[in-house]
Amino acid sequence: MLKKTQFFFIFIVCASSYGQAVRNYSNEFMNIGVDAAALGMSNAVTASSDDVNSGYWNPAGLANLEDGQIALMHANYFANIAQYDYIAYAKPIDNESAWGISMIRFGVDNIMNTTELIDNQGNIDYNRISLFSTADYGFTFSYARKLQVPGFQYGVNAKVIRRIIGKFASSWGFGFDAGLQFEKNDWKFGLMLRDITTTYNVWNIDQTEYKKIANAIPGQNQELPQSTEITAPKAQLGLSKKFIIRYDYSLLVASNLNMRFSKTNDLISTNFVSVDPALGLEFGYTDLVFVRAGAGNFQNIQQLDSTTKVGFQPNIGLGFKYKGIQIDYALTNLGNQSTTLYSNIFSVKVDLGQFRN
């Protein structure tokens, strides 16, 4: 419960800092990723994604659907304090187009509200402690279509963001993504543009509740914060190829260049754009069993002696598919020795066409 109380203060500080400005790191729960198969490859799937999860990775991939699919995922973060859940459904409209819908929830529940712990007489009364939840929701509506040019297909997302911090603050946000895929000679290329129009979040802060913490730290949080937050665009450029080995074996090789249009600690960083590369591999046997590995999140890390070293995040994963049901597992962030930071992720994908057949 102590850790959840600390989360409360973190969210209050974040909410109180929102102004009408472009943020490098805003709505970050929408950037975590979905589908254990993709996470096991360190998210390097912009070019290769071609199923129901394409609504997240690159909506252009939905155009490859042959029938309806549903996907589910659950993960725990920060020593099981935060819960991350995802559900998606997609199906073809005709031979040239498809649509999909998905929802993401990232939340922390049962946080202690200690703002009324001390009564008007200065007495501590533990009965005045209440519980609340903070949760971020992302709803995505996707459309994809094949172009008249052979090998090309595109997709677009319309996103609705809902963020709730108990009874203290809440916001609505709206934004759009666009994706493109191209295939030639078994090589696949992908481009994903996130928040292309910038994503706007408009916050509503409960002034009565805010006044209870306005003087908690002298000299800070004295004024009601501004309420508009703008998420800057991002881009992912992907390349992949699948090799068939002696009929029964396959090897998918994929790479991504993840770009933010600002200066960060990414491996390649300039004032205009910062680039974080990602690499992924998937070894398959008879389209039944899959072993995956990847490396991403390459960062320049400043050391105590003022030197800089390159850090990265390795991931691994396993998958099993049988009669239209695919179960995947990923273990992420293996390079970090803290058990609170790496995560066990499970996901399920169901091809509904197999059951009709």
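Residues: numbered from 1 along the sequence shown.
Scanning all heavy atoms of the two residues, the minimum distance from Y84 to F29 falls at OH-O, 4.0 Å. Across all their heavy atoms, P233 and I196 have their closest contact at CG-O, 4.2 Å. Between L193 and A235, the shortest heavy-atom distance links the atoms CD2-CB, 3.7 Å. Across every non-hydrogen atom of K323 and Q354, the tightest pair is O-CB, 4.0 Å.
For residues 235-257, the ring-ring contact (aromatic ring centres under 6.0 Å, His included) pairs, not counting sequence neighbours, are Y249-F283, Y249-Y285. Pairs engaging residues 236-255 under the salt bridge (charged side-chain N to carboxylate O under 4.0 Å, His left out) rule: none recorded [sequence neighbours left out].
No donor-acceptor distance shorter than 3.5 angstrom exists from the side chain of S48 to the backbone of L252, with no hydrogens or angles considered. Counting only distance, with no hydrogens or angles, the side chain of W57 and the backbone of V34 share a donor-acceptor pair below 3.5 Å. Here the side chain of S347 pairs no donor or acceptor atom with the backbone of D35 at under 3.5 angstrom. At least one donor-acceptor pair under 3.5 Å links the side chain of Q181 to the backbone N or O of A47. Using modelled atom types, one side-chain atom of S42 and one backbone atom of G294 make a donor-acceptor pair closer than 3.5 Å. Side chain of Y56 to main chain of M30: a donor-acceptor pair is present (N/O by atom type, distance under 3.5 Å, no hydrogens or angles). A donor-acceptor pair is defined here as one N or O able to donate and one able to accept, closer than 3.5 Å; such a pair exists between the side chain of Q153 and the backbone of A60. With hydrogens and angles ignored, the 3.5 Å screen pairs a side-chain donor or acceptor of N58 with a backbone N or O of T46.
Counting only N and O atoms by type, the side chains of N256 and N258 include a donor and acceptor under 3.5 Å apart. Residues D328 and Q326 bring a donor and an acceptor atom of their side chains to less than 3.5 Å of each other. In the model, T332 has no side-chain atom that pairs as donor or acceptor with a side-chain atom of N315 under 3.5 Å. S49 and S54 share a side-chain donor-acceptor pair at under 3.5 Å. Judged by distance alone, the side chains of D67 and Q69 never bring a donor and an acceptor atom under 3.5 Å apart. Between D266 and S274, the side chains place no donor N or O within less than 3.5 Å of an acceptor N or O (distance only, hydrogens not considered).
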All N/O donor-acceptor pairs, side-chain side in residues 139-147, below 3.5 Å, sequence neighbours left out:
from: S142; atom 1: OG; to: N157; atom 2: OD1; distance (Å): 2.6
from: Y143; atom 1: OH; to: R145; atom 2: NH1; distance (Å): 3.4

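Qualifying side chain to side chain contact (heavy atoms under 4.5 Å, CB included) partners for Q148, counting only residues two or more places apart in sequence or in other chains: none. For K91, the side chain to side chain contact (heavy atoms under 4.5 Å, CB included) test picks out Y89, W99, with sequence neighbours left out. Under the side chain to side chain contact (heavy atoms under 4.5 Å, CB included) criterion, L239 pairs with W187, F189, S255, not counting sequence neighbours. Partners of Y86 by ring pair (Phe, Tyr, Trp, His ring centres under 6.0 Å), not counting sequence neighbours: none found. Partners of P277 according to the side chain to side chain contact (heavy atoms under 4.5 Å, CB included) rule, which considers only residues two or more places apart in sequence or in another chain, are L257, L267, F298. F152 meets the ring pair (Phe, Tyr, Trp, His ring centres under 6.0 Å) test with F182; sequence neighbours excluded. Considering only residues two or more places apart in sequence or on other chains, D287 meets the salt bridge (charged side-chain N to carboxylate O under 4.0 Å, His left out) condition with K321. The salt bridge (charged side-chain N to carboxylate O under 4.0 Å, His left out) check on D195 picks up K159, K234, with sequence neighbours excluded. By the ring pair (Phe, Tyr, Trp, His ring centres under 6.0 Å) test, F290 pairs with no residue at all, sequence neighbours left out.
You'll find the side chain of N113 stays beyond 4.5 Å of the side chain of I129, heavy atoms only. In this structure the side chain of V108 never reaches within 4.5 angstrom of the side chain of S133, judged on heavy atoms. At least one side-chain heavy atom of K349 sits under 4.5 Å from a side-chain heavy atom of N53. A heavy-atom distance below 4.5 Å is found between the side chains of D177 and M192. Side-chain atoms of N344 and L331, non-hydrogen and from C-beta on, do get closer than 4.5 Å to each other. Inter-residue side-chain proximity for V253 and L281 is flagged as met; some heavy-atom pair is nearer than 4.5 Å. M41 places none of its side-chain heavy atoms less than 4.5 Å from the side chain of L279. The closest side-chain heavy-atom distance from M73 to I345 is below 4.5 Å.
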Review point. Are V160 and F174 close enough, and set up right, to give a side-chain contact (heavy atoms from CB on, under 4.5 Å), and what steps lead you there?
Key: CA-CA 5 Å; V160 178; F174 304 91; 4.1 Å; yes

Practice item. Just do the side-chain contact (heavy atoms from CB on, under 4.5 Å) check on R163 and W203 with the steps written out, would you? Key: CA-CA 9 Å; R163 306 184 69 183; W203 284 86; 3.9 Å; yes

Review point. Taking it one step at a time, do V310 and N300 satisfy side-chain contact (heavy atoms from CB on, under 4.5 Å)?
Key: CA-CA 5 Å; V310 176; N300 293 308; 3.8 Å; yes

Practice item. Test side-chain hydrogen bond (donor to acceptor under 3.5 Å, both in side chains) on Q299 and N297 and set out the steps. Key: CA-CA 6 Å; Q299 300 285 306; N297 195 24; 3.2 Å; yes

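A distance below 6.0 Å separates the ring centres of F168 and F132.
Cation-pi check for R194 over F261 is not met; the charged atom does not lie both under 6.0 angstrom from the ring centroid and within 45 degrees of its normal.
Note: F272 CZ to R260 CZ = 15.0 Å, rounded to the nearest 0.5 Å. Rounding to the nearest 0.5 Å places CD of E229 at 5.5 Å from CG of N27. Note that the OG1 atom of T308 and the CD1 atom of I301 stand 9.5 Å from one another [nearest 0.5 Å]. Interatomic distance, D85 CG to I104 CD1, rounded to the nearest 0.5 Å: 10.5 Å.
Neither V52 nor V350 shares a network with the other; the hydrophobic side chains, linked directly or stepwise wherever heavy atoms of I, L, V, M, F, W or Y lie under 4.5 Å apart, form separate groups for each. Placement of L288 and I325 in two distinct hydrophobic clusters is found when ILVMFWY residues are connected by side-chain heavy-atom separations under 4.5 Å, directly or transitively. Hydrophobic clustering of Ile, Leu, Val, Met, Phe, Trp and Tyr side chains at less than 4.5 Å, counting indirect connections, unites V273 with L191. Connection of Y154 to L65 is not established within any shared hydrophobic cluster, with ILVMFWY side chains joined at heavy-atom distances below 4.5 Å, either directly or through further cluster members. When the side chains of ILVMFWY residues are joined at heavy-atom separations under 4.5 Å, either directly or via intervening members, V202 and I205 end up in two distinct hydrophobic clusters.
At most 12 heavy atoms of other shown residues, nucleotides or ligands fall within 6.0 angstrom of atom CG in N95. Heavy-atom contacts from other residues, nucleotides or ligands closer than 6.0 Å to CD of E96 number more than 12.
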